[in-house]
Every structure is written in structure tokens, then in C-alpha cells.
Amino acid sequence: MTDNVLNVVLGLVASAISAGLGWLAQALRRRRRVEQVREFFGLPAGGECLVVVPRSIGEGSDAGTVTRRDAYALMALAGLVESCGARAEIVAHDSANRGIGARTEFCIGGPVSNERTAAHLAWGLPGALVTSGADPGSNVIVVGDRDFTADQEQVHALLARIATPEGGRPVFLVAGQTGTANQAGVRYLVAHHRELARAHGRNGTFAVVLRVVKPKAYGPDLVEVAADVTAEAVQRPGARSGAA
């Protein structure tokens, strides 16, 4: 074998080894990213989660139907769950009479349309509530001493992750003021879960209020964080004044 041929063979071997190592490194990075997502959402491969859907609100609405916007939100969650290699069980809000921690739960809709959300707020985020607004069918997200109202220019969604006792699976809440806000909240959670994990950790409780800007013009596409309300949301009413 001549020196030229030997150099070519060695070059090919080195290229093959380099390509193999590069592929292995990329595969390990992808696997690590997937495992981080699974940890944050509590969705191990082959695991199960619960998706709790709200009832349709409005004149003439069938209590057993899901709005178009909430259906879109379910589709986004389905893609997330599938990417983790898990399975989802979808149940109506008034049929989800089961405990917490055994499976990750995604709860969509405010307490007016979702009884399960009302229970989670009272238990895990006692400093946050959703009350009826001045206009019929409207509501206000209240956290601590801050009110987030809906109008023609903006609507809001309370997005939260609630850690459960003894390291159980988390509960995720997306309590929007409208169906568009619900969809925007779910889409934000799916698209920005890495940022949320970096900011709040992969295993703790957090609560943020999202602002959906000009929903009639842009739908659920223009979303920004209005406030991080974790500290206020986890504090029981009266605890601060009592401590003072």
C-alpha cells in the first residue's frame, strides 16, 4: 500500500470516527433534553397523565361540549405528551374525582368552567382566585393585591405548576379568562417550558400571569408574561398581615 493510499484510508477512518462521535454526542444531547422535559412535566416514558377539560360557557352551550379554542389547546398538549412517550386520559372537569400526585395533571380553564381548577387553587395557590367581573361573563384574576382584568385590548391566563406532596407528579393549571387565553396559555407552556424550568426549577411550584395582546386581531399568538406571582399565589390570605 502506497503512502498516498494509506493517507486516504486513514483520512476516511478518521472522518468516520469523527462523524460517529458527533452523532453520538447529538444523540446524547437530544436524550438529555427529552429527559429534562419529562422531569419538568412528570411524564416518564410509558407513563400516563390526566387532562381535565372545562365545560363550554355561554348561552345555548351544551355542558358536555368543548369549545374550539379548548380543543386546539388539547391538541397542543397531545403533541407534548406524545413527544415524552407518555399517554393522556381526557376527562370532564366534573368527572375528575381522583387524587393528585399519582399522575401528572393538566387542568384547563378557570374555576367558573372547571370545578377541578377551583379545588387546585384553594389547595395549592390559596393567594390566587378568579372572580366575576363587572361585565356579564367576564372574570378577573386576582393574586395578592393585584387585579388582572380583561378588555378589548388584552386578556389574561394564570399559568401554574403545583408541586404535590412526597415528590408526586405535578399539577399544571391554565386558567384563562377566555378560550383564547386558555389556548395561549397551553401554547406558551409547551413552547417555553425550558425557560420556565430555568427560571423556577424543574420540581417546584410557580405561578405566572400571561397577557394575550389584542386577541381579536392576533388570537392566541401574541403572548407576554405580565407578572410572576408565585410568592403571592402560594401565600394564604391574611398570612402576611398576621405575620406583621
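As the structure is a computational prediction, the values presented were derived from the model and not from experiment.
Grouping the Ile, Leu, Val, Met, Phe, Trp and Tyr side chains by contacts below 4.5 angstrom, directly or via other members, places Val51 with Val186. There is a path of hydrophobic side-chain contacts, each under 4.5 Å, that joins Leu129 to Val140. Transitive grouping of hydrophobic side chains (ILVMFWY, heavy atoms separated by less than 4.5 Å) brings Val190 and Leu43 into a common cluster. A continuous path of ILVMFWY side-chain contacts below 4.5 Å connects Tyr188 to Ile108, so both sit in one hydrophobic cluster. In this structure, Leu125 is not a member of the same hydrophobic cluster as Val52, with clusters built from ILVMFWY side-chain heavy atoms closer than 4.5 Å.
Expressed to the nearest 0.5 Å, how far CE of Met75 lies from CZ of Arg187 amounts to 11.0 Å. If you take OH on Tyr72 and OG1 on Thr67, they are separated by 10.0 Å, rounding to the nearest 0.5 Å. In this structure, CG on Leu173 lies 8.5 Å from CG on Leu159, to the nearest 0.5 angstrom.
Between the side chain of Asn182 and the main chain of Gly176, a donor-acceptor pair closer than 3.5 Å is present. Counting only distance, with no hydrogens or angles, the side chain of His156 and the backbone of Thr149 share a donor-acceptor pair below 3.5 Å. With Thr104 contributing its side chain and Phe41 its backbone, the two residues share a donor-acceptor pair below 3.5 Å. With Thr180 contributing its side chain and Gly219 its backbone, the two residues share no donor-acceptor pair below 3.5 Å.
Crowding of Glu82 atom CD: a count of heavy atoms from other residues, nucleotides or ligands under 6.0 Å not exceeding 12. Heavy atoms of other residues, nucleotides or ligands lying less than 6.0 angstrom from CD of Glu224 number more than 12.
Contact record, Val81 with Cys49: CG2-SG, 3.7 Å, taken as the closest heavy-atom pair. The two residues Gly42 and Pro170 come nearest to each other via the heavy atoms CA-CD, 4.0 Å. In terms of heavy-atom proximity, Asn114 sits nearest to Cys107 at ND2-SG, 3.6 Å. Closest heavy-atom contact between Gln177 and Ile141: NE2-N, 3.7 Å. A pairwise comparison of heavy atoms in Pro220 and Arg69 identifies CD-NH1, 3.5 Å as the closest pair. Among all heavy-atom pairs drawn from Ala128 and Leu158, the shortest one is CB-CD2, 4.1 Å.
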Could you walk me through whether His200 and Val208 pass the side chain to side chain contact (heavy atoms under 4.5 Å, CB included) test, one step at a time? CA-CA 11 Å; His200 305 284; Val208 297; 4.0 Å; yes
Using the rule given for side chain to side chain contact (heavy atoms under 4.5 Å, CB included), can you reason through Arg98 versus Arg116, listing the C-alpha separation, both sets of side-chain angles and the distance that settles it, and then say yes or no? CA-CA 10 Å; Arg98 58 201 75 185; Arg116 187 82 169 172; 4.1 Å; yes
Run Val155 and Arg211 through side chain to side chain contact (heavy atoms under 4.5 Å, CB included) and show every step you take. CA-CA 6 Å; Val155 294; Arg211 180 186 297 113; over 6 Å; no
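Using a cutoff of 4.0 Å between basic side-chain nitrogens and carboxylate oxygens, Glu35 and Arg38 are scored as salt-bridged.
Side chain to side chain, Gln152 and Lys216 meet the donor-acceptor criterion of an N or O pair below 3.5 Å. Counting only N and O atoms by type, the side chains of Asp228 and Thr230 include a donor and acceptor under 3.5 Å apart.
Judged by a 6.0 Å distance limit and a 45° cone about the ring axis, Arg161 is positioned over the six-membered ring of Phe40.
Glu105 places none of its side-chain heavy atoms less than 4.5 Å from the side chain of Thr164. Two residues are said to be in side-chain contact when any heavy atoms from C-beta on lie closer than 4.5 Å; Leu121 and Pro111 meet this criterion. Using a 4.5 Å heavy-atom threshold, the side chains of Glu153 and Lys214 count as touching. Under the 4.5 Å side-chain criterion, counting only non-hydrogen atoms from C-beta, His193 is not in contact with Arg202. Using a 4.5 Å cut-off on side-chain heavy atoms (C-beta onward), Val213 and Val223 make no contact. Residues Arg146 and Val229 form a side-chain contact, since some pair of their non-hydrogen atoms from C-beta on lies under 4.5 Å apart. Two residues are said to be in side-chain contact when any heavy atoms from C-beta on lie closer than 4.5 Å; Val142 and Val130 fail this criterion. The side-chain heavy atoms of Leu222 and Val212, taken from C-beta on, include no pair separated by under 4.5 Å.
Judged as a side-chain contact (heavy atoms from CB on, under 4.5 Å), and not counting sequence neighbours, the contacts of Pro44 are Arg169.
A ring-centre distance under 6.0 Å is not found for Phe206 and Phe172.
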